[in-house]
There are 2 protein chains.
Amino acid sequence: MAACNTSSIRRDCFTCQSRERAEWCALNKEELRLLDKAKVVREYRPGEVIFHQGDPCRGVHCFETGMVGLRKIDADGNSILLGLAYPGDTLGYRSFLVGEDHGASAETLKPSTICFLDGATVRTLLKHNPALGLQFLQTVARELGAAEERILQSVTLSVRARFAHLLLVLKDRYATSGKDGRFELELPLARQDLAAMIGIRPETMSRAIKQLEEDGVAYFSGRSVAVPDVKRLLREIEPESYL
Amino acid sequence: MAACNTSSIRRDCFTCQSRERAEWCALNKEELRLLDKAKVVREYRPGEVIFHQGDPCRGVHCFETGMVGLRKIDADGNSILLGLAYPGDTLGYRSFLVGEDHGASAETLKPSTICFLDGATVRTLLKHNPALGLQFLQTVARELGAAEERILQSVTLSVRARFAHLLLVLKDRYATSGKDGRFELELPLARQDLAAMIGIRPETMSRAIKQLEEDGVAYFSGRSVAVPDVKRLLREIEPESYL
DNA sequence: CCGGTGCCTTGACGTTGATCATGATGGGCG
DNA sequence: CGCCCATCATGATCAACGTCAAGGCACCGG
């Protein structure tokens, strides 16, 4: 019985890089010990489901490395990507906090390492350390702001504008180079998932891409995109801003 | 110098009915004293603005009586009603928590009484009483769930289905009678505001109403609606559910 | 080398809802 | 009572998107 209890390398909450960027940075040594003892680490391959929409929510997931998408499906089978999650994020905390079943599915888009924390432990920590609750409060409030923004955009903006907006959001995280307005980025998603992010059909996404290329706003090749001028992209979102 | 310091009748946080249904129920006597001393009561007539989108957020508003709408506007002037608020709700707490300017406007739809609480006081209370933070956490998390649901619906459901859904939501609060599926309700909003709730134009709302009447799903007269069968309304939302 | 499979593109077509314009309705007020 | 104003209804038209169908292209296993 060696010290190796998980999948190859030892993971612990004390040295976890992701934790420091997460809500859990509020915890002290003793609380970290509790966290470390309670956590269950798991490695996921791309395309695996962490939890399904409708599943009972038994705790939260700490996202350590990789990339995951949050997908929401309605009764007719229409699905959209609510968003992407990154290392440091906590998954499934919303359902946990209100004590409901999961309102969305979480699936890995790249190989990922994710820790599970059972509800009892989280509840204990929340009760024990008020700062943790305030951290979550910040996170949820920020998310709510983003969601409300998205509601507005989804009913007022055209597909083209929403796509431009998505590219700008992705740019902040994935842009490789950038001088005087020019930039390139490597898309983290397939076209159909890009489409799902703004709630449109893959066919419509294809056409939107073609249009942007015809107008010289952005050029697509596989998953790489080249944008000659950010301002052109910005103008797609606020049509009448300065004429 | 009589005891009357506000607009006619004395308002205090100790006996406030709305507070008991709000996050503030977590406070103890001493904290209530602080709350009561800090609050600024104000009466609003219909159509008044409590705060504007883009205004700096200096605190939160406790909604005591009346009715208010939260409106969000984009750069092109398109506006939607994010939702309605009712006595017991706290207004502007999201912007306050993340320390941003207000992301939406709040305007009264009926005569209302609303207390203002400055940010410093709220911060003190939050720090002092962890339960208050957890109450807010609950509220925000619930709101976030609703917002995500709405994002999905706004891109997948037709106008007709979204309107049916809105009627069902309003039913829970405003339905006057109801036996075996039949019910009536008094709309709290004008048509153009109903339209704004689901992000469509007033003209489209008119046509949606006409259609529902032609199909015998609901009958409109001024602000009163009669629905002969709830199931018909439910079926509008999940088209292929049981055929 | 071949056939399969998943993802993407393209085209033709229908439907939905926005837009613009015009007229109806009804309530408040002089 | 009649006028004005806001709200609502209706019609005609158009652009945007979804839908259906077909075909290309890369990757994979046999």
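We name chains A, B, ... by the order of the sequence lines, and we start the count at 1 in each one.
The side chain of B:Arg201 lies closest to C:dA18, out of D:dT7, C:dG17, C:dA18. With C:dT9, D:dC8, C:dC7 as the choices, the nucleotide that has an atom nearest any side-chain atom of B:Ser206 turns out to be D:dC8. Here D:dC17 is the nucleotide among D:dC17, D:dT7, D:dG11 with the atom lying nearest to any side-chain atom of A:Ser158.
Here D:dG18 presents its P atom at 15 Å from CG of A:Asp76, a figure rounded to the nearest Å. Put simply, CD on A:Glu236 is 12 Å from P on D:dA16, counting in whole angstrom units. Between the CD atom of B:Glu214 and the P atom of D:dA9 there is a distance of 13 Å, rounded to whole Å. Atom CZ of B:Phe220 and atom C1' of D:dT7 are 16 Å apart (whole Å). In this entry the distance linking CZ of B:Arg162 with C1' of C:dT16 reads 11 Å, nearest Å. The NZ atom of A:Lys210 sits 9 Å away from the C1' atom of C:dG11 (whole-angstrom rounding). What separates CD1 of A:Ile200 from C1' of C:dT15 is a distance of 18 Å, to the nearest Å. In this structure, CD of B:Gln211 is placed 19 Å from P of D:dC8, rounded to the nearest angstrom.
One donor-acceptor pair, N or O on each side, does fall under 3.5 Å between the base of D:dG11 and the side chain of B:Arg207. On a pure distance criterion of 3.5 Å, a polar donor-acceptor pair joins the side chain of B:Glu203 and the base of C:dC20.
Along DNA chain C, the nucleotide closest to A:Met205 and the one closest to A:Val155 are compared, and the more 5′ of them pairs with A:Met205.
A pairwise comparison of heavy atoms in B:Gly66 and B:Pro87 identifies O-CD, 3.5 Å as the closest pair.
With respect to B:Lys72 and A:Glu148, no salt bridge is recorded, no charged nitrogen being found less than 4.0 Å from a carboxylate O.
At least one side-chain nitrogen or oxygen of B:Thr204 sits closer than 4.0 Å to the OP1 or OP2 atom of C:dA18.
Judged by a 6.0 Å distance limit and a 45° cone about the ring axis, A:Arg42 is positioned over the six-membered ring of A:Tyr44. A cation-pi arrangement is absent between B:Lys39 and B:Phe116 under the rule of less than 6.0 angstrom and at most 45 degrees off the ring axis.
Between A:Phe51 and A:His102, the two ring planes are parallel [angle under 30°; tilted spans 30° to 60°].
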